[in-house]
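Here's the structure we're looking at; comments come further down.
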Amino acid sequence: LLKAIVRVCVIVSSLSVLVVAESRVAIVAIVLVLLIQSYPKWAKWKQRNVIVCVAAAGLLSSIYFLYKWKEDSVLGRLTIYKVLVRGISESPLSGTGSGGFHRTYMLQQSKYFEENHNDSTAILADSIVYPYNEGLGFAYKYGVPTTVLAVAFLLLIIGRHISSRYVDLNRQYLWSL
């Protein structure tokens with residue numbers, strides 16, 4: 001009982017810190033980890049379909065709430081992603097190179113807004129120093145083939161770990177990532 005109380009206190013305090021920090025992605029990640037970690041317990045229940053539906057509805061409504069919480073931030077990031085994808089399409093094989101994001105992104109953004117001067121997100125534009133999406137940032141810097149190879153390598157490592165004879169607990173933590 002004491003262990004359960006401590007666990008609940010840790011979860012509530014962690015979520016409280018994340019809410020105060022306004023880290024939307026961290027909040028969603030914590031909720032997903034909690035769902036994944038608790039899956040073995042409620043998967044045995046007869047009403048698991050109802051639980052899955054309630055969990056999915058809660059997750060979707062949470063994502064919508066988090067979107068509305070800081071809508072301008074979301075729209076600004078979507079604009080950054082559009083500019084990144086455009087930059088990737090201009091140099092898909094080689095990317096811009098190491099340090100290429102800092103050298104070229106702002107030029108790409110200004111070109112985007114020159115061609116899309118009616119874009120309502122122009123007022124949200126700022127000096128961007130970080131791509132806010134590791135996958136797109138990697139593809140922008142190193143090209144699509146290198147990104148595909150890196151993802152394939154990561155999937156290979158994860159697949160080998162899952163198929164190994166290690167303890168199931170380690171697999172749960174790996175899937176939580």
Side-chain angles (χ1 to χ4, degrees), residues 14-37 39 52-53 55-159 161-162 172-177:
S14 298
L15 287 175
S16 301
V17 168
L18 293 176
V19 168
V20 170
E22 297 184 354
S23 177
R24 298 173 310 237
V25 172
I27 293 169
V28 171
I30 292 292
V31 170
L32 285 175
V33 166
L34 291 173
L35 287 173
I36 290 168
Q37 292 295 318
Y39 176 76
V52 168
C53 289
L59 183 64
L60 290 174
S61 61
S62 297
I63 290 171
Y64 178 75
F65 168 75
L66 294 171
Y67 165 75
K68 285 299 194 182
W69 183 13
K70 293 172 76 175
E71 191 171 352
D72 287 346
S73 174
V74 173
L75 294 174
R77 287 188 187 205
L78 288 175
T79 303
I80 292 169
Y81 301 159
K82 284 185 221 174
V83 174
L84 284 171
V85 168
R86 185 177 164 157
I88 292 168
S89 69
E90 288 182 7
S91 183
L93 297 178
S94 63
T96 58
S98 183
F101 180 82
H102 297 291
R103 281 194 317 274
T104 61
Y105 177 81
M106 292 309 294
L107 297 172
Q108 288 281 342
Q109 180 175 283
S110 66
K111 192 182 342 177
Y112 172 82
F113 284 124
E114 283 175 9
E115 295 172 7
N116 300 290
H117 56 279
N118 292 332
D119 191 331
S120 62
T121 60
I123 197 164
L124 303 173
D126 199 358
S127 180
I128 306 301
V129 295
Y130 189 75
Y132 295 107
N133 182 306
E134 293 299 326
L136 285 176
F138 193 87
Y140 185 86
K141 289 186 272 191
Y142 303 111
V144 175
T146 307
T147 304
V148 169
L149 286 173
V151 169
F153 182 70
L154 287 173
L155 290 175
L156 178 70
I157 291 171
I158 291 170
H161 183 76
I162 290 171
Q172 285 181 349
Y173 288 122
L174 181 66
W175 280 111
S176 297
L177 295 175

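Quick note: numbers below take in every heavy atom, side chains included, and nothing from hydrogens, waters or symmetry partners.
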> What is the distance from atom OG1 of T96 to atom CG of L107, rounded to the nearest 0.5 Å?
Replying inline: 11.0 Å
>> I need the Y130 OH to H102 NE2 distance, nearest 0.5 Å.
In response: 9.5 Å
> Going by the angle between their ring planes, with limits at 30° and 60°, are F65 and W69 parallel, tilted or perpendicular?
Replying inline: parallel
> What distance do Q109 atom CD and T79 atom OG1 have between them, rounded to the nearest 0.5 Å?
Replying inline: 8.0 Å
>> Return the CZ to CG distance between R77 and N133, rounded to the nearest 0.5 Å.
In response: 9.5 Å
> Got a salt bridge between K111 and E114, using NZ or NE/NH1/NH2 to carboxylate O under 4.0 Å?
Replying inline: no
>> Between F113 and V83, is the side-chain contact (heavy atoms from CB on, under 4.5 Å) condition met? List the steps.
In response: CA-CA 9 Å; F113 284 124; V83 174; 5.8 Å; no
>> Distance check, rounded to the nearest 0.5 Å: L154 atom CG versus L149 atom CG?
In response: 11.0 Å
> How far apart are the closest heavy atoms of Y81 and Y132, and which atoms are they?
Replying inline: OH-O, 3.0 Å
> Given the rule in the side-chain contact (heavy atoms from CB on, under 4.5 Å) test, do Y140 and S91 qualify, once you have shown the distances and angles that lead to the verdict?
Replying inline: CA-CA 8 Å; Y140 185 86; S91 183; over 6 Å; no
>> I need the minimum non-hydrogen distance between F101 and I128, along with the two atoms involved.
In response: CZ-CG2, 3.8 Å
> What's the shortest heavy-atom distance between N116 and R86, and which atoms?
Replying inline: ND2-NH1, 3.9 Å
>> Could you tell me if the side chain of Y64 sits less than 4.5 Å from the side chain of K68, heavy atoms only?
In response: yes
> Once you round to the nearest 0.5 Å, how far does CZ of R103 lie from NZ of K141?
Replying inline: 11.0 Å
>> Which heavy atom of I88 sits nearest to which heavy atom of A139, and what is that distance?
In response: CD1-CB, 3.6 Å
